[in-house]
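The structure appears right after this line, and notes come after that.
Along the sequence shown, the residues carry numbers beginning at 1. In what follows, every heavy atom counts, from backbone to side chain, and hydrogens, waters and symmetry copies are set aside.
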Amino acid sequence: RLPMRLVVVVDHSGSMAADGRLDKVKVGLAELVDNLRDEDRLAIISFDDVVTVNAPFGATLDRVALKATVASLTPRGGTNIHDALLEGTRAARKL
């Protein structure tokens, strides 16, 4: 099987505090990181009113750093999904 290259764009705007939505996303992302193969790569881009490239594609799969990135996400701000999706597309094109 070919290595997977995955870009995840995560909403951590203020609305993600409702019903523990962001907490559920974080659990799912941590599970994803745990199930990646060593040759797979994951980039994480988060957004509220600002878009942040939290974890660009690395030369190796650093599960500890990826999980720390996921754990650090907190709900805040507005929702700038347009620019976040553009950044996610840019990251995917760099493959």
Side-chain angles (χ1 to χ4, degrees):
R1 182 178 105 173
L2 293 173
M4 179 173 55
R5 304 291 185 258
L6 180 64
V7 177
V8 177
V9 179
V10 183
D11 179 357
H12 73 106
S13 63
S15 65
M16 292 298 286
D19 301 323
R21 291 176 193 159
L22 185 58
D23 291 331
K24 293 170 188 170
V25 169
K26 290 164 66 168
V27 168
L29 286 174
E31 183 75 18
L32 171 68
V33 170
D34 284 340
N35 285 288
L36 291 172
R37 297 176 305 146
D38 289 341
E39 60 272 17
D40 294 334
R41 298 294 175 264
L42 175 66
I44 299 173
I45 297 169
S46 67
F47 69 95
D48 49 18
D49 49 329
V50 175
V51 176
T52 304
V53 178
N54 305 84
F57 285 115
T60 61
L61 182 66
D62 187 343
R63 286 182 176 84
V64 172
L66 289 168
K67 288 175 94 170
T69 294
V70 169
S72 72
L73 296 173
T74 57
R76 64 172 191 245
T79 306
N80 185 0
I81 193 168
H82 178 266
D83 289 343
L85 293 176
L86 287 175
E87 188 62 41
T89 301
R90 278 193 281 274
R93 286 185 179 157
K94 291 179 184 176
L95 302 173

Is there a side-chain contact (heavy atoms from CB on, under 4.5 Å) between V70 and V10 once you walk through the steps?
-> CA-CA 9 Å; V70 169; V10 183; over 6 Å; no
Could you walk me through whether S13 and D11 pass the side chain to side chain donor-acceptor pair (under 3.5 Å) test, one step at a time?
-> CA-CA 6 Å; S13 63; D11 179 357; 2.7 Å; yes
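- Two residues are said to be in side-chain contact when any heavy atoms from C-beta on lie closer than 4.5 Å; L6 and R41 fail this criterion.
- Of all heavy-atom pairs spanning L73 and K26, the tightest one is O-NZ, 2.9 Å.
- With rounding to the nearest 0.5 angstrom, the NE2 atom of H12 is 10.0 Å from the OG1 atom of T79.
- No chain of hydrophobic side-chain contacts below 4.5 Å, direct or via other Ile, Leu, Val, Met, Phe, Trp or Tyr residues, connects V7 to V50.
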Does the salt bridge (Lys or Arg N to Asp or Glu O under 4.0 Å) test come out yes or no for D38 and R63, once each step is laid out?
-> CA-CA 9 Å; D38 289 341; R63 286 182 176 84; 3.0 Å; yes
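- For the side-chain contact (heavy atoms from CB on, under 4.5 Å) criterion with K67, the lone passing option out of D62, V33, L32 is V33.
- Under the 4.5 Å side-chain criterion, counting only non-hydrogen atoms from C-beta, R1 is in contact with D40.
- For D83, the side chain to side chain contact (heavy atoms under 4.5 Å, CB included) partners two or more places apart in sequence, or in a different chain, are V51, N80, L86.
- A donor-acceptor distance shorter than 3.5 angstrom exists from the side chain of N54 to the backbone of S46, with no hydrogens or angles considered.
- Checked by atom type and distance alone, the side chain of R76 never pairs as donor or acceptor with a backbone atom of D48 at under 3.5 Å.
- The hydrophobic clustering, which links ILVMFWY residues whose side-chain heavy atoms are closer than 4.5 Å, places M4 and L42 together.
- Closest non-hydrogen pair, G77 versus D49, comes out as CA-OD1, 3.8 Å.
- Once rounded to the nearest 0.5 Å, the distance linking CG of L66 with CG of L61 reads 6.0 Å.
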From CA spacing to verdict: side-chain contact (heavy atoms from CB on, under 4.5 Å), F57, K94 = CA-CA 9 Å; F57 285 115; K94 291 179 184 176; 5.8 Å; no
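- Residues V27 and V8 do not share a hydrophobic cluster, clusters being chains of Ile/Leu/Val/Met/Phe/Trp/Tyr side chains in contact below 4.5 Å.
- A distance of 8.5 Å separates CD in E39 from CZ in R5, rounded to the nearest 0.5 Å.
- The shortest non-hydrogen separation linking V25 to M16 is CG2-CE, 3.8 Å.
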